[in-house]
Amino acid sequence: MLTNLQIADIFEEMADILEFQGENPFRVRAYRNGSRAIRDLGESIAAIAVSDPARLVEFDDIGKTIAEKTVTLVETGELPQLIKLRKEVPATVLAMMRIQGLGPKKAAVIFKELGVATLEELKTACEEGKIQALKGFGKKTEQMILDGIPLAAEAETRILWHDADQTAQALREHLETCPSIEKLELAGSYRRRKETIGDLDVLVVSSDVKQVMDRLGEFPGVATVLARGETKMSIRLDTKLQIDLRVVPARSFGAALQYFTGSKEHNVELRGRAKQQGLKINEYGVFRVEDGEETYLGGQTEKEVYDLLELPVFPPELRENRREYEWAAQGKLPELVELDDIRGDLHMHTTETDGSATLEEMVAAARERGLKYIAITDHSQRVSMARGLDPVRLRAQWKQIDALRETLPKSFTLLKGIECDILEKGGMDLPDDVLAEADWVLASIHYGQKQSRQQITERLLEAIENPHVTCIAHPTGRLLNQRPPYEVDLDAVLLAAQKHHTLLELNANPRRLDLNDTYCAAAKAHGIPIVVNTDAHAVEHFDFMRCGVLQARRGGLTKADVANTHTWLQMKKMMKK
DNA sequence: GCCGTTTTCGGCCCGACTGTTTTCAGTCG
């Protein structure tokens, strides 16, 4: 069965090829929108295509054509039209469009006029001066292409939000020394707290544009200045991260902040609504349009912009044009969970396995950070590389915990836990009688991640049904930029977790953030509480909680939806008996 | 290709910057 991701990628590829071929841009966009709708769906589109294909067109951005193609894809595993398109435009040609400044039109000219079909051939063509000879091209374009090839050749890796955050903080401090800056804000996917970031968008109100741009040019690690105009400047850092600066008038700051925070899809929807009301929104403000005359209505703050559209100020994390407009219309915009709401952390390691801090150090660090309860969850024996615990060592650790508990105030709860592996052949890595003694049992898959969808799903279902397993840790196993999620029937996992009152983890490690935002939303829809855990292997890792909470917010989770915002006593009532 | 309290046809967000141009197309966000 094809996953949503696989199907979404196929429609994305269709869009890429059609765009390259100069198709109607709205048709291209329709494919992209359809792809996105499928990618963001919290349930299996393939399953729907099999059981109830008529339901497909009920989803936004999926019409008759994409629904039919989805059914064909699920039934036959292929799409005749795509096979034909792939012959016309090989994937290596599409790779050329990853070069900054080279879009479908120019790429098509290069392919048609010179027969250049790979990045390697493109490099040669540039070096031989063949590109600048093409009509509409010149010396500078050729150089830009040549410069852009190495970056495009790298597999597309976006920077982790957590890493971008370091740069963002440094950039803010660097620019804030500029005396002419009155306001400064970081927008874009960084502000929306996406798990990975393509570039940083900086927005500034300043009386001296030149001073701000000069200052940006002095930011440590600047590799190249990509563009510099009257109000806009782009640079690229040695780390490959691109930074876009916009300088706007004060009365436009809110409009610009709204505009550059995006997402693009959220803004397209907003602009469409404005238009229906005879308004126009751009980065300079909200305007009334009458007889070709534009009157400025507002835009100093984001609130002014949304107020004029009679919409709430959406938290940036929700601005993805998923459900937020629908929620706003119903007056049911969720009050998103906040870092301060978190009371406990139920996934962490010590020096007993692969952690770098002792039990005592972890407890002290947790208390310093104001946590009210934690569970020590070292690895089980199967994880030999981390010196996982067998029953004897585990019980010895629990004895230590008993002793340590004597020294702790009543207001702090130290729980006996374990991160128990789900074995390759199925079943848990520790016997039931051992698990029964624990306060908290995480079950997780570390081995056999390449097994079939059916095998992995069965392993997870068995763990969920196990009466001693309280929570499934990092449920999809992905590592951002490194390893895709394992093949798993998440619909089945959600249904089983709902039925057996097994909780699901949102692992806050910035490389994991697993569950992702859409699955968090799906879990919420099933009434399954999410536990946000840091999986700390060192005391500093407790700070990952912030990343986990931001991801939970993107999933639309409220305080009530996150289990470890409750007291440990309250939480126990959410767990299986 | 998708969609509908203007519409089942005719729209589909909007502007900055660059390079190659003699007035604008392409690209990007």
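We name chains A, B, ... by the order of the sequence lines, and we start the count at 1 in each one. This one's a predicted model, so the numbers in the text were calculated from it and none came from an experiment.
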Take atom NZ of Lys105(A) and atom P of dA25(B), then tell me their distance rounded to the nearest Å. 11 Å
When the nearest nucleotide of DNA chain B is assigned to Lys135(A) and to Gly103(A) on a heavy-atom basis, which residue is associated with the more 5' position? Lys135(A)
When the distance from CD1 of Ile145(A) to C1' of dG26(B) is rounded to whole Å, what number comes out? 12 Å
Begin from the C-alpha positions of Asn507(A) and Phe544(A) and carry the test side chain to side chain contact (heavy atoms under 4.5 Å, CB included) through to its verdict. CA-CA 9 Å; Asn507(A) 191 295; Phe544(A) 290 163; over 6 Å; no
Under 3.5 Å side-chain donor-acceptor pair for Gln81(A) and Lys69(A): yes
Which nucleotide, in any strand shown, forms a Watson-Crick or G-U wobble pair with dT8(B), with both distances under 3.5 Å? none
Within the supplied structure, the quantity of interest is the number of heavy atoms (other residues, nucleotides, ligands) at a distance under 6.0 Å from Gln277(A) CD; does it exceed 12? yes
Other residues, nucleotides and ligands only: do more than 12 of their heavy atoms fall within 6.0 Å of CD on Glu88(A)? yes
On a whole-Å scale, what distance lies between the P atoms belonging to dC2(B) and dT6(B)? 23 Å
Heavy atoms only, 4.0 Å cut-off, all strands: where does Pro104(A) land among base, sugar-phosphate and nothing? sugar-phosphate
Does Leu270(A) reach a base, just sugar-phosphate, or nothing at all? Heavy atoms under 4.0 Å. nothing
Given the P atoms of dG15(B) and dT8(B), what is the spacing between them in whole Å? 28 Å
With rounding to the closest Å, how many angstrom separate the P atoms on dC13(B) and dC3(B)? 14 Å
For Asn24(A), answer base if it contacts any base atom (sugar-phosphate contacts may also be present), sugar-phosphate if it contacts only those atoms, and nothing otherwise; contact means non-hydrogen atoms under 4.0 Å. base
Around atom NZ of Lys64(A), are there more than 12 heavy atoms of other residues, nucleotides or ligands at under 6.0 Å? no
Qualifying residues under ring pair (Phe, Tyr, Trp, His ring centres under 6.0 Å), relative to Tyr306(A), sequence neighbours excluded: Phe314(A)
Rounded to the nearest Å, what distance is computed from the CD atom of residue Gln258(A) to the C1' atom of nucleotide dG29(B)? 14 Å
Rounding to an integer number of angstrom, what distance separates dT21(B) and dG26(B) when you compare their P atoms? 13 Å
Take the protein atom CG of Asp60(A) and the nucleotide atom C1' of dG1(B), then report the distance between them rounded to whole Å. 14 Å
Could you tell me how far dC9(B) sits from dA16(B) if I compare only their C1' atoms? Round to whole Å. 33 Å
To the nearest Å, give me how far apart CG (Asn321(A)) and P (dC3(B)) are. 12 Å
Euclidean distance, atom CD1 of residue Ile243(A) to atom C1' of dC28(B) [Å, nearest integer]: 17 Å
Can you check the Leu102(A) CG to dC28(B) P distance for me, whole Å? 8 Å
If the P atom of dT7(B) is compared with that of dC12(B), how far apart are they to the nearest Å? 15 Å
dC24(B) to dT20(B) separation - C1' atoms, rounded to the nearest Å: 9 Å
Measure the shortest side-chain to side-chain distance between Thr518(A) and Leu41(A) over non-hydrogen atoms and say whether it is less than 4.5 angstrom. no
Whole angstrom value for the distance that separates P of dA25(B) from NZ of Lys106(A): 12 Å
Say you pick atom P in dT22(B) and the same atom in dC17(B); how far apart are they, in whole Å? 22 Å
Per-nucleotide protein contact string for nucleotides 13-19 of chain B (B base, S sugar-phosphate only, - none; heavy atom under 4.0 Å): BBSSSSS
Thr141(A) meets the side chain to side chain donor-acceptor pair (under 3.5 Å) criterion, sequence neighbours left out, with none
